[in-house]
**Q** 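One structure follows; several queries about it will come next.
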Amino acid sequence: MRRRTADSTPIRDMAVTPHSRREFLWHYGGGLGGIALAHLLGEAGMLGGEPTPGTTRVSSGDGTAPANRPLQIGKFADPHHPARAKRVVQLFMSGAASQCDMFDYKPELIKRNGQPWDPGEKVELFQSSPGACMASPWGWKQYGQSGKWMSDLVPHLAGTVDEMTFVPSMVSKSNVHGPATFMQNTGFVLPGFPNMGAWVSYGLGTLNENLPTFVVLPDMRGFAPNGPGNWSSGFLPAVHQGTLIRPNSRNPIADLFPPETAHYINPTAEREGLSVLRELNNGHLKSRAADSRLEARITTYELAARLQLSAPEVLDITQETLATRELYGLDQKITADFGRNCLIARRLLERGVRFVQVWSGADNGFPRRNWDSHEDIARDHQEMGTSMDRPAAALIKDLKQRGLLDDTIVYWTTEFGRMPCSQGSKGRDHNPFGFTVWLAGGGVRGGVTYGASDEWSYRAVENPTYCYDIHATLLHLLGIDHERLTFRHNGIDRRLTDVHGQVIRELLA
Amino acid sequence: MARSAAAGDGGNWSAVASIFERNCVSCHQGDRPKGGLSLVNATQALRGGDSGTVIVPGRPDESLLLDLISGEMPEMPQKARPLPARQVAEIRRWIEQGAPWPENVTLTDRKLAGADDDWWCFRPLVRPEVPVVDSDWVRTPVDAFVLAKRQLLGLPKSPEADRRTLIRRLTYDLHGLPPTPNEVAEFLADTSPDAFDRLIDRLLDSRRYGERWGRHWLDVIHYGESHGYDKDKPRPNAWPYRDYVIAAFNDDKPYWRFVAEQLAGDVLYPDDWQGVVATGFIAAGPWDYVGHAELREGTLDKKITRSNDRDDMVATAATTFLSLTAHCARCHNHKFDPISQEDYYRLQAVFAGVDRADRPFDEDPATHRQRSQLLHERAPLAARQRLLAAKAAETVSPEIRQIDERIAGLRKELAPLGAKDERRAAFEKSLQEQLTAREAAVARSLDDATRNETEAVAARLSELEQQLSALGQPQWVYAGAHDFTPLMTFTPAVTPRPVFFLYRGSDQSPGREMEPGALSCLEKLPAVFELGNLQDEGARRAALAKWIIDPHNPLTCRSIVNRVWQYHFGRGIVETPNDFGHMGSKPTHPELLDWLAVEFAERGWSLKRLHKLILKSAVYRQSSQHDPAAAEIDAGNQYLWRMNRQRLEAEAIHDAVLAISGRLDLTMRGPSVRQFWFKDDHSPVYDYERFDIDSADARRRSVYRFIVRSVPDPFMECLDAADPSLLTPRRNTTLTALQALSLLNNRFMVRHAEHFATRVRAISQDPAEQVDAAYELALGRAPHTSEWQALVKYIDQHGLENACRLILNCNEFIFVD
């Protein structure tokens with residue numbers, strides 16, 4: 001039997017006193033169950049939040065798994081090759097963030113601003129007919145040793161360009177938000193496929209059994225197109241699905257604690273109740289030999305108790321210094337939400353969560369609450385860009401100063417880009433032919449650009465890259481061969497990268 | 001790169017090229033072709049091989065090729081089945097015509113995987129002999145098959161389960177609900193030898209059966225009630241299909257008819273409203289609202305949207321009815337099974353004229369018939385009107401241009417005015433006048449014929465509308481539709497849209513247009529449908545339905561029989577119910593599968609009879625207890641030496657909690673209950689936390705839940721309910737910490753633990769008796785002494801609610817032996 005222990009480095013520093021833990025439990029939904037279990041597990045030496053020897057057994061629960069197989073051990077507990085990274089944080093800009101207003105500097109576009117735009121081919125746009133050339137409303141400067149051009153919309157990210165690799169030659173198979181968002185998340189334009197985080201969970205398993213392996217922090221204003229379908233485990237077992245955390249809500253994790261209305265569930269009732277439950281289940285088990293699922297299910301109640309202990313602690317950002325909170329922009333209204341989610345992402349990562357997805361941008365409603373700036377790029381991207389810039393840069397800096405950037409990949413993406421020509425007079429339409437993503441940390445080269453778009457920032461012309469290649473590269477950095485991470489479903493050995501994908505060697509440090 | 005010749009035209013060359021590519025080129029190509037003969041291009045083919053010339057253009061009788069491939073024991077193709085006579089005739093005709101082989105056309109090897117190996121699922125269905133086994137354990141032929149296999153492997157059998165276990169197992173199996181304490185007591189008291197058989201009959205006669213088994217069907221076909229993707233709009237009229245499915249199971253509709261109605265009920269049974277509702281099958285899956293309704297006609301992304309939509313229809317039909325993965329042949333021939341890319345696109349062509357939309361129907365047969373006839377006439381006229389309107393919209397004349405300027409001017413004046421500005425009325429009146437004037441001007445600028453036609457069409461349409469509205473309001477179902485109210489750029493096809501063979505599955509690389517058809521690997525069934533009128537989209541679907549239910553199709557009955565077996569035992573005779581191909585599992589009991597399929601077909605395709613065949617067996621009655629000796633031989637219990645213990649599905653847990661707490665409302669049918677807060681925004685919002693758990697809508701069986709694709713119910717999802725974006729022939733069953741938290745803390749669970757306690761308290765105020773009552777209700781048995789003691793003590797200290805919550809978290813509640 002293989003066992004995994006929690007990643008021990010960062011957790012010890014973060015131990016909290018019983019007193020503060022109690023407070024958080026109360027704070028997050030009247031969590032008496034957690035307190036009761038803290039006691040229960042304390043007796044058993046299984047307190048959450050601390051590195052635990054691999055004492056917990058769980059099963060994949062499909063009934064076919066060999067007895068006592070640990071649940072959270074991935075399919076490839078031994079990687080295909082040495083891993084450069086252990087964790088990934090993905091920042092997803094929903095609605096299509098404009099490459100030519102942040103990262104993809106084009107002097108030609110500035111020069112021809114307002115002139116008719118003629119890329120020399122018929123252009124098929126999502127909503128509109130192509131308008132005139134439209135220079136970015138923001139100015140551009142060069143930054144860092146790499147001399148990377150960045151717009152004034154992202155001054156903080158401009159300060160970390162030497163950590164980042166830019167891919168301005170991205171292309172998408174769809175110019176419709178729904179399918180394109182699926183594609184960036186799952187590699188397929190159709191619903192029903194597992195998110196990359198679910199694949200990573202399936203492939204590598206957990207680093208800390210007290211927390212979920214794959215966590216999703218949505219934009220507090222709502223879900224992006226496709227909703228939670230974006231972080232589905234698809235056909236993979238449900239344990240690999242993204243666990244939704246909404247730090248600003250009353251119940252940040254659904255059902256972590258009983259509803260407040262259930263007054264009769266007090267600490268003693270919970271503690272003694274769970275001990276009775278264990279007794280009943282053990283009695284049931286005794287007359288039903290050799291069914292690992294029954295034991296596994298008993299264990300899930302212990303795991304649940306540990307999650308009750310660990311989760312509130314992770315979400316408690318009051319433990320962070322003022323300087324750290326300011327770094328992420330928690331002191332300003334515009335950056336506070338995304339900043340808090342980025343900070344919580346860091347706290348999750350340092351406690352061993354494998355894959356964290358942080359969303360900037362909600363649904364395609366009005367007034368605009370995501371990056372889909374058809375009407376007015378200056379107005380709408382100003383708000384989205386500013387809310388994202390400082391927290392995203394803070395995440396890179398903070399991970400670096402804690403020594404976590406070496407084995408944590410920061411991956412910034414969006415479903416497609418925006419056109420260099422205008423829509424109406426001030427907006428930009430969808431552009432699936434060329435957009436930018438960037439990566440940092442975890443074995444990724446810093447200060448380089450891979451591929452290029454044409455002189456307009458319209459079409460990827462050098463090294464056109466699909467998400468397949470990015471996904472293959474990310475899996476490679478995590479020690480996984482993307483062609484060997486497969487799951488049989490409906491007659492096909494499914495992969496994150498479908499039948500495509502090449503590791504981009506140029507991105508590797 | 002030279003493209004496959006199948007795209008070329010002229011005579012029957014394309015058919016011949018296809019025969020060569022699939023049967024010959026794999027050997028006859030390259031630097032050292034077999035027999036020195038290469039069939040990749042005209043020069044080499046006509047030059048011949050080691051035996052000299054093989055093709056003499058215009059002279060079939062002198063062409064060696066025909067000798068090689070015909071006769072009793074043809075020499076070619078080697079190590080493969082002989083070519084069918086019609087293919088030989090095709091080649092003969094081609095040679096007669098001078099063997100035209102277009103210049104520069106190079107053939108490539110497109111041999112179909114698995115075409116020659118006589119794979120089990122394609123074999124004709126023949127009734128196998130029931131094995132002769134000497135054992136009084138055997139109750140039915142099913143047992144004989146299972147026992148024969150077990151004896152072969154030296155596996156023991158398990159004892160019969162006790163009667164409490166049997167009634168609990170059977171009731172969950174057929175109803176998805178626990179037996180009531182009374183039902184348990186009655187069954188225990190019934191000592192007659194046929195008590196269990198009568199219990200089977202009683203449960204199959206109950207309407208609860210259709211609710212349970214209908215839900216299985218909805219898994220298989222990925223039924224959902226919102227579109228999915230971006231702007232996930234609800235489908236308020238999807239539910240009549242759900243009710244149709246439940247009724248079909250309850251009424252034991254013959255499976256052949258069930259299949260036919262779902263694909264083409266509107267065409268095959270035009271006088272039966274259920275025929276329309278049944279095509280909800282075609283519309284069940286996700287639909288890309290933005291792609292269909294917002295993208296402009298003629299764009300590449302619109303084409304891709306439609307391709308994906310048809311792909312879903314093909315994948316659903318082929319996996320559901322045939323248990324084959326035809327969708328794997330979208331980009332290339334199937335890698336493992338004899339399914340060509342052409343087969344795949346022929347299947348797409350079946351669905352070339354059908355979309356997903358609301359359709360009217362009337363339960364009154366006469367009204368239904370009348371409305372159908374009127375709609376049938378209206379559809380082409382409405383399409384013609386759209387075309388004429390588009391033509392008119394493009395019309396310009398100096399007069400129209402002047403009016404347009406005036407309209408623009410008025411709009412400019414109106415724009416800055418507030419809603420209550422008193423100047424508005426005058427401007428609006430002028431604007432209306434100009435718009436009317438514009439219509440008249442457009443009419444004047446049209447030529448006489450167009451104008452007359454426009455008027456005639458409008459007049460007839462208005463008559464039809466009047467007649468339609470005279471019929472009263474119809475009911476609506478979200479279903480497969482070729483005639484529907486346009487929504488932005490989403491308009492009916494009217495006649496089937498052309499479907500092309502797509503190289504690498506790409507809409508940017510279309511080849512030749514495809515005719516509707518099905519798979520070419522079933523010998524007695526045609527691959528291309530012979531249709532009188534290709535413009536009739538309904539005829540295409542009807543042809544596919546007939547192809548699937550044809551008695552010569554061995555897949556259909558094997559497929560459904562295996563599914564039914566799977567739900568009874570937790571695993572099918574074939575473990576991969578949607579894939580009988582080479583990548584799927586092989587049947588553990590192939591003879592039993594075929595025997596059941598033949599019985600099923602001969603007994604009128606009745607599912608209820610099939611259930612009885614299976615449930616009345618001794619195999620089904622076995623205990624689920626472990627046996628180390630048997631496990632040594634067959635740890636996975638593939639050969640059924642015991643019953644499989646099963647974890648309850650999400651719906652069964654949900655419904656059982658309602659039943660046990662006394663809150664279950666057994667109302668059937670009707671619009672789905674929305675167990676969420678809903679806001680119909682630009683992008684709709686679904687919020688489950690804001691649903692009132694005490695409302696009447698919370699009490700219905702879960703099959704009546706409104707199923708949202710983008711935001712699934714977190715409680716049900718956590719318990720592995722089917723994701724309606726996926727075809728789910730078999731659910732994952734997982735055990736996770738989040739599940740434990742849900743069952744402990746979800747407000748549905750907590751609230752119903754309270755109702756459960758109230759119900760128990762009404763039976764007795766005494767904790768000692770309360771434990772007994774709670775156990776009988778939830779687990780169908782009396783508690784053991786140790787259980788009883790622990791719970792009585794717990795109730796004393798922490799109250800009945802807490803105790804009831806525990807019982808609903810027990811393994812014994814969640815698993816069925």
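Throughout, a chain's letter reflects where its sequence line sits, starting with A, and its residues are numbered from 1.
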**Q** Select one option (side chain, backbone, both, neither) describing which atoms of A/F193 are under 4.5 Å from chain B's heavy atoms.
**A**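 Neither; nothing under 4.5 Å.
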
**Q** Which one, A/A224, A/G273, A/A254, A/A238, leads in non-hydrogen pairs under 4.5 Å with chain B?
**A**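 Greatest number of close heavy-atom pairs with chain B: A/G273.
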
**Q** I'd like to check A/L280 versus B/N809 (side-chain heavy atoms, cut-off strictly below 4.5 Å). Are they in contact?
**A**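 Heavy-atom side-chain distance check fails, nothing below 4.5 Å.
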
**Q** Using a 6.0 Å cut-off, check whether atom NZ of B/K233 has over 12 heavy atoms from anything other than its own residue.
**A**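 Result for NZ/B/K233: enclosed.
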
**Q** Given the options A/H284, A/R297, A/E124, which has more heavy-atom pairs under 4.5 Å with chain B than any of the others?
**A**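 Ranked by heavy-atom pairs under 4.5 Å with chain B, first place is A/R297.
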
**Q** For B/H327, is it the side chain, the backbone, both or neither that has a heavy atom under 4.5 Å from a heavy atom of chain A?
**A**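 The side chain, not the backbone.
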
**Q** Side chain from CB out, backbone as N, CA, C, O: work out which of these in A/T181 comes under 4.5 Å of a heavy atom of chain B, or both, or neither.
**A**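 No part of A/T181 comes within 4.5 Å of chain B.
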
**Q** Is it the side chain or the backbone of B/T576 that comes within 4.5 Å of chain A heavy atoms, both, or neither?
**A**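 Interface part for B/T576: neither.
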
**Q** Quick one: what part of A/V499 sits under 4.5 Å from any heavy atom of chain B, side chain, backbone, both or neither?
**A**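 Contact with chain B: none, neither part.
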
**Q** Is the count of non-hydrogen atoms from other residues, nucleotides or ligands lying under 6.0 Å from A/E121 atom CD greater than 12?
**A**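 Yes - once you tally the heavy atoms of other residues, nucleotides and ligands closer than 6.0 Å, there are more than 12.
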
**Q** Tell me, side chain or backbone of B/D720 under 4.5 Å from chain A's heavy atoms, or both, or neither?
**A**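 For B/D720, side-chain heavy atoms alone lie under 4.5 Å from chain A.
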
**Q** Heavy atoms only, distances under 4.5 angstrom: which of A/A289, A/P432, A/G229 has the most pairs with chain B? Name it, please.
**A**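 Max contact count across the listed options: A/A289.
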
**Q** Side chain, backbone, both or neither: which part of B/L806 has a non-hydrogen atom closer than 4.5 Å to chain A?
**A**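 Contact with chain A: backbone and side chain both.
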
**Q** Could you tell me which of B/Q739, B/R709, B/E754 has the largest number of non-hydrogen atom pairs under 4.5 Å with chain A?
**A**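 Of the candidates given, the most pairs with chain A belong to B/E754.
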
**Q** With a 4.5 angstrom heavy-atom cut-off, which part of B/L324 approaches chain A: side chain, backbone, both or neither?
**A**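 No part of B/L324 comes within 4.5 Å of chain A.
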
**Q** With a 4.5 angstrom heavy-atom cut-off, is it the side chain or the backbone of A/N230 that approaches chain B, or both, or neither?
**A**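 A/N230 has no heavy atom closer than 4.5 Å to chain B.
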
**Q** Looking at side-chain heavy atoms only, is the closest gap between A/P258 and B/L744 below 4.5 Å?
**A**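 Not in contact.
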
**Q** Is A/L190 close to chain B through its backbone or its side chain, or both, or neither, when contacts mean heavy atoms under 4.5 Å?
**A**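 Its backbone and side chain both get close to chain B.
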
**Q** Determine whether A/R488 and B/D579 make a side-chain contact, defined as any pair of heavy atoms from C-beta on separated by less than 4.5 Å.
**A**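 Answer no - side chains too far apart.
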
**Q** Is B/R645 in contact with chain A via its backbone, its side chain, both, or neither, using a 4.5 Å heavy-atom distance?
**A**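 Both parts, backbone and side chain.
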
**Q** What part of A/F182 gets within 4.5 angstrom of chain B, counting heavy atoms only: side chain, backbone, both, or neither?
**A**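 For A/F182, the side chain is the part near chain B, not the backbone.
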
**Q** Any side-chain heavy-atom pair from A/L256 and B/N745 closer than 4.5 angstrom?
**A**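 In short, these two side chains do not touch, never coming nearer than 4.5 Å.
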
**Q** Check each atom of B/E689 against the heavy atoms of chain A and say whether the ones under 4.5 Å are side chain, backbone, both or neither.
**A**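 The side chain, not the backbone.
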
**Q** Heavy-atom distances under 4.5 Å only: say whether A/S232 touches chain B with side chain, backbone, both or neither.
**A**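 For A/S232, side-chain heavy atoms alone lie under 4.5 Å from chain B.
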
**Q** Counting only heavy atoms closer than 4.5 Å, note whether B/L727 contacts chain A via side chain, backbone, both or neither.
**A**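 Both parts, backbone and side chain.
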
**Q** Are A/T299 and B/L735 close enough that some pair of their side-chain heavy atoms sits under 4.5 Å apart?
**A**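 No, too far: nothing below the 4.5 Å cut-off.
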
**Q** Between B/P714 and chain A, with a heavy-atom cut-off of 4.5 Å, which part of the residue counts as in contact: side chain, backbone, both or neither?
**A**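 Neither part.
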
**Q** Between A/R369 and B/D681, is there a side-chain N and carboxylate O pair less than 4.0 Å apart?
**A**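 Answer for the salt bridge query: yes.
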
**Q** So for B/D723, is it side chain, backbone, both, or neither that comes closer than 4.5 Å to the heavy atoms of chain A?
**A**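 The answer is the side chain of B/D723.
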
**Q** Between B/D817 and A/R288, does at least one N-O distance fall below 4.0 Å, as a salt bridge requires?
**A**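 The answer is yes: the pair qualifies as a salt bridge.
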
**Q** Heavy-atom distances under 4.5 Å only: say whether B/E787 touches chain A with side chain, backbone, both or neither.
**A**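 It is both, since atoms from each part get that close.
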
**Q** Sort B/Q797 into side chain, backbone, both or neither according to what part of it lies under 4.5 angstrom from a heavy atom of chain A.
**A**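 Side chain only.
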
**Q** Any side-chain to backbone donor/acceptor pair from A/N226 onto B/D230? Under 3.5 Å, distance only.
**A**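 Confirmed, A/N226 side chain pairs with B/D230 backbone.
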
**Q** Would you mind telling me which of B/K231, B/R747, B/H582, B/E812 has the largest number of heavy-atom pairs within less than 4.5 Å of chain A?
**A**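 Option with the greatest count: B/E812.
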
**Q** Is A/L244 in contact with chain B via its backbone, its side chain, both, or neither, using a 4.5 Å heavy-atom distance?
**A**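 Answer is neither: A/L244 stays 4.5 Å or more from chain B.
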
**Q** Is B/D288 close to chain A through its backbone or its side chain, or both, or neither, when contacts mean heavy atoms under 4.5 Å?
**A**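 B/D288 touches chain A through side-chain heavy atoms alone.
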
**Q** So which of B/H222, B/R647, B/E717 has the biggest tally of heavy-atom pairs under 4.5 Å with chain A?
**A**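 Top option by heavy-atom pairs under 4.5 Å: B/E717.
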
**Q** For the residue pair B/H798 and A/T268, establish whether any side-chain heavy-atom pair is separated by less than 4.5 Å.
**A**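 The answer is yes; the side chains approach within 4.5 Å.
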
**Q** Less than 4.5 Å apart, any side-chain heavy atom of B/V750 and any of A/Y264?
**A**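 B/V750 vs A/Y264: side chains touch.
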
**Q** Find out whether A/D493 and B/M583 are in side-chain contact, i.e. whether some heavy atom of one side chain is under 4.5 Å from a heavy atom of the other.
**A**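 Answer yes - side chains close enough.
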
**Q** Who among B/N811, B/N644, B/V708, B/T325 has the most heavy-atom pairs with chain A under 4.5 Å?
**A**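 Going by pairs under 4.5 Å, I would pick B/N811.
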
**Q** Do you see a donor-acceptor pair shorter than 3.5 Å between the side chains of B/S683 and A/N364?
**A**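 No - no donor-acceptor pair under 3.5 Å links their side chains.
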
